[in-house]
Number of protein chains: 2
Amino acid sequence: MATIHDVALDAQVSPTTVSRYINNRIELPASTAARIDAAIAKLDYRPNLLAKRLSTGRTEAIGLVAPEIREPFFAELASAVEDEADRHGYTIFMSSTRSDRQREIASLNRLHDRHVDGLIMMTNTPDDGTLAALIGKRRNVVVIDEDIPGVMVPRVFVENHIGAYKATRYLIEAGHERIGYIGGPDGLYTVRERRAGYLQAMKEANLKVRAEHLAGGSFMPDFARKATLEFLKTRTPPTAILASSDFIAIGVLQGLKQAEIKVPSQMSVVGFDDMPLTELFNPPLTAIRQPIEALGRQGFQVLFSLLSGKQPRCLPCCQCN
Amino acid sequence: MATIHDVALDAQVSPTTVSRYINNRIELPASTAARIDAAIAKLDYRPNLLAKRLSTGRTEAIGLVAPEIREPFFAELASAVEDEADRHGYTIFMSSTRSDRQREIASLNRLHDRHVDGLIMMTNTPDDGTLAALIGKRRNVVVIDEDIPGVMVPRVFVENHIGAYKATRYLIEAGHERIGYIGGPDGLYTVRERRAGYLQAMKEANLKVRAEHLAGGSFMPDFARKATLEFLKTRTPPTAILASSDFIAIGVLQGLKQAEIKVPSQMSVVGFDDMPLTELFNPPLTAIRQPIEALGRQGFQVLFSLLSGKQPRCLPCCQCN
DNA sequence: CCGACCTAGTAAAGCGGTTTCGTAAAGCGG
DNA sequence: CCGCTTTACGAAACCGCTTTACTAGGTCGG
């Protein structure tokens, strides 16, 4: 393969000049430029990325770390991030951590090892501080979707509180008074926020929140299925259930199917996240749509400005200090 | 950040020795090894990947090119490839081409530019030879899932013919005699194979295949929806429909819903691909399960042996010459 | 006509590893 | 004690690009 030296030789200039010319760091008289262009074309020269990276210290790649890319939410998000990255000349490395702390740490190490220039990080397992501490030692990390308490890096979230509030209002306005709620694992920011949104809407409508109609602890459909069956066993079961994620909603639907409760005639169900095709489910699922695409693009843009040395703009969704 | 020189200095050896030691290319007396280990730990030394890559010429990364990672099939596959790659110390670069030839070419160029050591390639748009020609110029490319005619690289496919054959047999054994078939875009290997499997099963059972119960041309649900409505308009509509992918099956279900035909009482539907959660659809979808995970792992393994300079083993699924 | 200032470049020193070639010293068989 | 092998390393070239520091030669104002 041709190197920059070969091109320089052919164009009768020095490698320095060629390098500067192709990186737009110099303006050359037309004749010189033409010679270089011709040499590049003739030799089919393509700069060796590896050499370029070593000498600049940048890879023009970023990492996207998610618990599981198989899940529609993340796949959708990844797609948006990739598109936005592409637009800025960046490529992305994806990794599925399967909620494994070791894999999350491995991603951060890859950042340290200059595998990538920056990281967009998602995690859904509560952190005891290890992760936050490690992130604190790295530069160019952006946390999205779910908070990691104590990290001092830019973060981008969806309006979880408002989303859950609106979903609850929707059920209240439909006339429901006993609305059950099933949330996710304890210790997660999004879980707390959504729950708070639900509670606020209930309180504002002067509706009683019964402890036996509140559940939480896991995102697994099966957990939600069991919780739903518990709800149904109570003396006055709820007439609607707010599920704080689509996976939970799926569990709820399974539980209701098992108990032969018709949706929506006997029970209303509203989900949260956003999974394509849930409208084909039996019964179709109503859900609060999350702006996944915007989340992904915003996440990239914040990271991008970090990488460009710019202070990221303090957007409403990002709690800078 | 500490370099190999710093370590060498601290351990009182040369960089050469440190390099060889950490790459297991030398055996050192315990005392020297201990000094090096101590220096590495003390300085928190991590080899600079960029430098390593430049000098070895390898990136230990591979590209995974798919039309759309948002689709469950690809997301699932990606997950398997990633896992297998991880096991072998490789990381993967994913790109969604959105079935755009330019993006496919861009991926191949990234391979040329040494962005990655190899490529696992999927495409679902019929090739006029451009892609095949370009792939021919590259090394370390493996084509999976869908064939690209004329490429002379290792390929890994699912048994499309047998899958469709079995799905058709299943319907025939359930007593169906008029079985409609909706395939994908023309010019694709998988589409031809599946169609052939369907036709073979029909022929073997002496069942007539009516032209008006055969459709094909696109993977879009909407295309399948319309085709389904056409089927229903025929004098004697089919009693079962074989959809050659889950997306097509979704379109079929939409069409049937629209025509108020109950599944499975009035019409049986069998899909192909494999999408998680289709069992929650209304009505639940029966589908021929593809060994997606195996496809991904196999794909990686074939590429891996290519990268290791080994001739890939000639597996039954791979048509070597 | 002289110094200042462009214009159009260049030489050489990195970046941080790997690798080839080589050697000093120790061990050892005869 | 001599020559050969082994052990334990090291010097320096190299991977291919970027970048800093510098210069030869022309232009121009005074």
Side-chain angles (χ1 to χ4, degrees), chain A residues 1-40 43-61 89 109-117 309, chain B residues 1-40 43-61 89 109-117 309:
Chain A
M1 277 199 40
T3 72
I4 203 169
H5 280 270
D6 303 329
V7 173
L9 221 61
D10 193 275
Q12 303 166 67
V13 290
S14 74
T16 311
T17 304
V18 178
S19 170
R20 283 162 145 174
Y21 174 63
I22 57 186
N23 290 300
N24 294 317
R25 297 210 195 301
I26 197 177
E27 247 171 76
L28 291 178
S31 65
T32 314
R35 285 205 318 277
I36 296 180
D37 286 333
I40 289 175
L43 302 170
D44 188 27
Y45 169 70
R46 324 202 94 216
N48 182 318
L49 250 193
L50 273 39
K52 185 169 188 163
R53 286 178 177 173
L54 173 58
S55 79
T56 59
R58 337 183 68 239
T59 60
E60 314 243 274
N109 286 340
R110 272 208 283 281
L111 172 59
H112 193 207
D113 289 347
R114 325 178 80 84
H115 212 109
V116 290
D117 294 343
Chain B
M1 275 200 40
T3 73
I4 203 170
H5 282 269
D6 302 330
V7 173
L9 220 63
D10 193 276
Q12 302 164 66
V13 290
S14 75
T16 310
T17 303
V18 177
S19 170
R20 283 159 147 173
Y21 174 64
I22 56 187
N23 290 300
N24 293 317
R25 295 210 196 303
I26 198 179
E27 248 171 76
L28 290 179
S31 65
T32 314
R35 284 205 318 278
I36 297 179
D37 287 333
I40 289 175
L43 302 171
D44 188 26
Y45 169 69
R46 323 203 96 216
N48 181 318
L49 251 193
L50 272 37
K52 186 169 187 162
R53 286 177 176 172
L54 174 59
S55 75
T56 60
R58 336 183 70 239
T59 60
E60 314 242 274
N109 286 340
R110 272 208 283 281
L111 172 60
H112 193 208
D113 290 344
R114 321 175 84 79
H115 212 108
V116 291
D117 294 343

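Each chain gets a letter, A, B and so on, in the order the sequences are listed, and its residues count up from 1.
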Quick one: closest heavy-atom pair of B/Ala2 and B/Tyr45, and the distance? O-CD1, 3.4 Å
Specify the separation, in whole Å, of atom CG of B/Leu9 and atom P of D/dA11. 12 Å
So, taking the atom named CD1 in B/Ile36 and the one named CD1 in B/Ile22, what distance separates them when rounded to the nearest 0.5 Å? 8.5 Å
Pairwise N/O distances under 3.5 Å, protein to nucleotides 15-17 of chain C:
residue: C/dG17; atom: OP1; partner: B/Tyr45; partner atom: OH; Å: 3.4
residue: C/dG17; atom: OP1; partner: B/Asn48; partner atom: N; Å: 3.4
residue: C/dG17; atom: OP2; partner: B/Ile4; partner atom: N; Å: 2.7
residue: C/dG17; atom: O5'; partner: B/Tyr45; partner atom: OH; Å: 2.9

Which atom of A/Asp44 lies closest to which atom of B/His112, heavy atoms considered: OD2-CE1, 4.3 Å
Distance-only donor-acceptor hits, side chain of residues 4-12 of chain A, under 3.5 Å, sequence neighbours excluded:
residue: A/Asp6; atom: OD2; partner: A/Thr3; partner atom: N; Å: 2.9
residue: A/Asp10; atom: OD2; partner: A/Lys42; partner atom: NZ; Å: 2.7

Its contact letters, B for base, S for sugar-phosphate only and - for none at protein heavy atoms under 4.0 Å, make nucleotides 4-10 of chain D read ----SBB
Just verifying a value: how many Å separate B/Asp37 CG and B/Thr32 OG1, rounded to the nearest 0.5 Å? 10.5 Å
Let me test you: for the helix from C/dC1-D/dG30 to C/dG30-D/dC1, what is the angle between the axes at its two ends (five pairs each), rounded to 10 degrees? 50°
Can you spot which of A/Arg53, A/Lys52, A/Arg46 makes a salt bridge (charged side-chain N to carboxylate O under 4.0 Å, His left out) with B/Asp113? A/Arg46
Could you tell me whether a side-chain N or O of B/Asn23 sits under 3.5 Å from a main-chain N or O of B/Arg25, the two making a donor and an acceptor? no
The criterion is ring pair (Phe, Tyr, Trp, His ring centres under 6.0 Å); which residues satisfy it with A/His115, sequence neighbours excluded? A/Phe93
Non-neighbouring partners of B/Ser55 that pass side chain to side chain contact (heavy atoms under 4.5 Å, CB included), sequence neighbours left out: none
Is it true that a side-chain atom of B/Ser19 and a backbone atom of B/Pro15 form a donor plus acceptor pair closer than 3.5 Å? no
In whole angstrom, what separates B/Tyr21's OH from C/dT19's P? 18 Å
